[in-house]
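First the structure, in the form of structure tokens, and then the observations on it.
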Amino acid sequence: MEAYSADRSLKGKLRRRLALLAHRRPVRMALERPMITFSFDDAPASAADAGARTLELRGIRGTWYISAGLAGRDGPMGVYATAEDARRLAAAGHEIACHTFSHLDCGQAGARAIADDVERNAEMLKAWGAGPAESFAYPYGDVSTAAKRVLGGRYRTLRTVQAGLVETGADANQLPSVGIEGPDGEAAALRWLDRAAQRKAWLILYTHDVAASPSPWGCTPEALGHLADAAKARGFDIVTAAEGARRLGL
Ligand SMILES: [Zn+2]
């Protein structure tokens, strides 16, 4: 699913730049301790298994942004998690959050198509017994003014894949996050973690599959564990996306 890449054209760049200015929900925050969220997009079954286990061993709860339309299907990151996986995660205290149902790209789709696809996903997660979802992630991180108009305010936070920290002035309808992906994923995430600790900011990390030989969009259980241990050692509050948002009054 992620093998598709979002619109890289000049028009796409302009659209994203315009979206930055539209339908904003500015964040105001003053944290005593830095905050971190571990999240998984789509999500592959391995994220629900090895990913969850890695966090649970450390007493941590994470957030899974699920595209219900992918459930049980096979993809370039392995087979996707099922309704049963989502229920188990929710029962263990993790957060089940919303992506689009079909992994629809909100950057390029029209307002009606976005609203319908997201509604379908939200309904399905509820039917699974894993809703209602409080947090949303844009597939491919791509966003448009129309997407923000339709979805902004419907969730506590909406997340892109634009690398950065959540600090005062960030837009709750278009939050940055940092990927644990590729060969440099762990090291890059660790640099952001140090920056977040220094600035008492909120770092939202995301990955996809969690496997010994991960796809280019995933990471190993060891990398995830190292980052979780680093967050603990640096005194981070480790929260789900919904809990982080509640702490910021979103
Ligand atoms: Zn995705």
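Nothing here was measured: the structure is a model prediction, and the numbers come from that model.
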Under the salt bridge (Lys or Arg N to Asp or Glu O under 4.0 Å) criterion, do Arg53 and Glu56 qualify, and how do the steps go? CA-CA 5 Å; Arg53 210 162 40 241; Glu56 286 166 4; over 6 Å; no
Just how far is it from atom [atom1] of [X] to atom [atom2] of [Y], taken to the nearest 0.5 Å?
X      : Y      : atom1 : atom2 : result
Arg191 : Asp184 : CZ    : CG    : 5.0 Å
Asn173 : Arg25  : CG    : CZ    : 4.0 Å
Arg88  : Glu84  : CZ    : CD    : 8.0 Å
Ser9   : Arg15  : OG    : CZ    : 7.0 Å
Ser144 : Tyr138 : OG    : OH    : 8.0 Å
Glu222 : Asp229 : CD    : CG    : 11.5 Å

Just wondering, do [Y] and [X] contact through their side chains at under 4.5 Å, heavy atoms?
X      : Y      : value
Ile36  : Leu203 : yes
Arg61  : Glu95  : no
Met29  : Met35  : no
Ile66  : Trp128 : yes
Gln174 : His23  : no
Asp85  : Trp64  : no
Leu205 : Trp192 : no
Asp42  : His103 : yes

So does [Y] get a backbone contact from the side chain of [X], meaning a donor-acceptor N/O pair under 3.5 Å?
X      : Y      : value
Arg33  : Arg234 : no
Thr37  : Val239 : yes
Asp209 : Ser46  : no
Thr157 : Ala172 : no
Arg58  : Thr54  : yes

Minimum heavy-atom separation for [X] and [Y], please, with both atom names.
X      : Y      : answer
Leu20  : Asp171 : O-OD2, 4.3 Å
Gly62  : His94  : N-ND1, 3.0 Å
Ala115 : Val150 : CB-CG1, 3.6 Å
Leu125 : Ala97  : CD1-O, 3.6 Å
Pro176 : Thr160 : CA-OG1, 3.9 Å
Tyr65  : Ala241 : OH-CB, 3.4 Å

Whether over 12 other heavy atoms sit under 6.0 Å from Arg87 CZ: yes
Would one find more than 12 heavy atoms of other residues, nucleotides or ligands at under 6.0 Å from atom CZ of Arg28? no
Non-neighbouring partners of Arg120 that pass salt bridge (charged side-chain N to carboxylate O under 4.0 Å, His left out), sequence neighbours left out: none
Has Arg154 got its NZ or CZ under 6.0 Å from the middle of the six-membered ring of Phe136, at an angle within 45 degrees of the ring axis? no
Do [X] and [Y] sit in the same hydrophobic cluster, where Ile, Leu, Val, Met, Phe, Trp and Tyr count as joined when their side-chain heavy atoms come under 4.5 Å apart?
X      : Y      : answer
Val161 : Ile204 : no
Leu70  : Ile114 : no
Trp202 : Leu190 : no
Met124 : Tyr80  : no

Would you sort out whether Phe40 and Leu224 count as a side chain to side chain contact (heavy atoms under 4.5 Å, CB included), showing the intermediate values? CA-CA 11 Å; Phe40 307 86; Leu224 186 62; 3.9 Å; yes
Got a sec, which hydrophobics cluster with Leu57, joining ILVMFWY side chains under 4.5 Å apart, including via others? none
With distance as the sole criterion, is a donor-acceptor pair present between the side chains of Asp117 and Ser102 under 3.5 Å? yes
Using side chain to side chain contact (heavy atoms under 4.5 Å, CB included), reason through Asn121 and Thr100 one step at a time and then give a plain yes or no. CA-CA 6 Å; Asn121 203 49; Thr100 54; 5.9 Å; no
Check step by step if side chain to side chain contact (heavy atoms under 4.5 Å, CB included) holds for Leu104 and Val118. CA-CA 9 Å; Leu104 178 78; Val118 170; over 6 Å; no
Strictly below 4.0 Å, N to O, side chains only: are Asp41 and Arg159 in salt-bridge contact? yes
